[in-house]
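Just so it is clear, the model here is predicted, and its values are computed rather than measured.
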Amino acid sequence: MALSLAISPCPNDTFVFHALVHGRVPGAPPVEVTYADVDVTNTAAERGAFDLVKVSFAALPWLLDDYHLLPCGGALGRGCGPLVLTKGDRTDLTGATVAVPGDRTTAYLLFRLWAAGNPPARIEVVPFHEIMPGVAAGRYDAGLVIHEARFTYHRHGLTALVDLGEWWEADTGLPIPLGAILARRGAVDPEVAAGWVRESVRQAWADPAASREYVLAHAQEMELDVVDRHIGLYVNEFTADLGEAGFAAITALLDRAADAGLVPQTSSSRATAWTS
């Protein structure tokens, strides 16, 4: 039976999962892969649509009854947080309309925690690729962006009002939990699946050139240097293993959000013990 996998077309995901997708992981089944932005996979996971799926950590409270959190393959790190971008010299979001890439993304959850004392007037969920052009054109007063936008927003004449990763790290001392890999309960053994993912990560690091053509084919016309910087930033030690700091970051994010009434309360055992 083929394994259904949903990941984003972003370079970090295609780099990490190249070996698994292409049948290079010993003992792993054939893989049928779907590429979609994380706001799409968050919703699809609620329907149990995939055996392995990349989702936002912010979506975990709605998903952990049906999925195991794997301790590898996801996106956490330092210096890689979402940015709030504006045009001109705006210094706050009073009365602003803000474009965000999804209402259950980690980026938006971090934004809501940061902006709790002074929320904007209006939020619009916008496809990610439309956010920076929309802010530049004046359709939105600000935009919440992630990933490669960290390297390209200057081209749109935009400035960073706040780096939510810097804010999170200064406040908690923890890495930024962005994207998680989940295994559907009853469909995939989480320990076995974690082994497949770790082997795929190991192969990616051992021979980066092997995945280059595949990564570039899905990189949405990103320049090569942006692709390399993207992978270098988002594929790191936490990709191989969340570790104590990674699990602490997940718990801190979900606990803070639950205390603020932004997400349902999640038991720490479900959020931090992938075998639960």
Requested in this report: Show your working on side chain to side chain contact (heavy atoms under 4.5 Å, CB included) between V100 and T105 and close with a plain yes or no.
Outcome: CA-CA 9 Å; V100 305; T105 61; 5.9 Å; no
Requested in this report: Just do the salt bridge (charged side-chain N to carboxylate O under 4.0 Å, His left out) check on R256 and D171 with the steps written out, would you?
Outcome: CA-CA 12 Å; R256 286 184 176 212; D171 199 50; 2.5 Å; yes
Query raised in the report: When you look at L182 and L63, which way does the side chain to side chain contact (heavy atoms under 4.5 Å, CB included) test go after all the steps?
Result: CA-CA 9 Å; L182 306 184; L63 300 175; 3.8 Å; yes
Query raised in the report: Would you call R229-E223 a salt bridge at under 4.0 Å N-O?
Result: no
Query raised in the report: Between R184 and D51, is the closest basic N to carboxylate O distance under 4.0 Å?
Result: yes
Query raised in the report: So, the side chain of T106 versus the backbone of A58: is there a donor-acceptor pair under 3.5 Å, distance only?
Result: yes
Requested in this report: Kindly indicate, with the supporting measurements, whether the criterion side chain to side chain contact (heavy atoms under 4.5 Å, CB included) is fulfilled by L178 and L76.
Outcome: CA-CA 6 Å; L178 297 170; L76 291 88; over 6 Å; no
**Report entry** Check against salt bridge (charged side-chain N to carboxylate O under 4.0 Å, His left out), K87 and D141
**Finding:** CA-CA 7 Å; K87 185 178 182 181; D141 299 305; over 6 Å; no
Query raised in the report: So does R24 pair up with D207, basic N to acidic O under 4.0 Å?
Result: no
Query raised in the report: Do other residues, nucleotides or ligands put more than 12 heavy atoms under 6.0 Å from the CZ atom of R122?
Result: no
Requested in this report: Indicate the ring-plane relationship of H147 and Y234, choosing parallel, tilted or perpendicular according to the 30° and 60° boundaries.
Outcome: perpendicular
Query - Min side-chain heavy-atom separation L85-M132 under 4.5 Å - result: yes
Report task. Start with the C-alpha distance between R104 and E46, add both sets of side-chain angles, then the distance that settles salt bridge (charged side-chain N to carboxylate O under 4.0 Å, His left out), and finish with yes or no. Result -> CA-CA 12 Å; R104 286 191 182 171; E46 285 196 75; 2.7 Å; yes
Query - Whether H22 and Y214 hold their rings parallel, tilted or perpendicular, with breakpoints at 30° and 60° - result: perpendicular
Query raised in the report: Stepwise, does the side chain to side chain contact (heavy atoms under 4.5 Å, CB included) test hold for D39 with F128?
Result: CA-CA 10 Å; D39 59 313; F128 177 70; over 6 Å; no
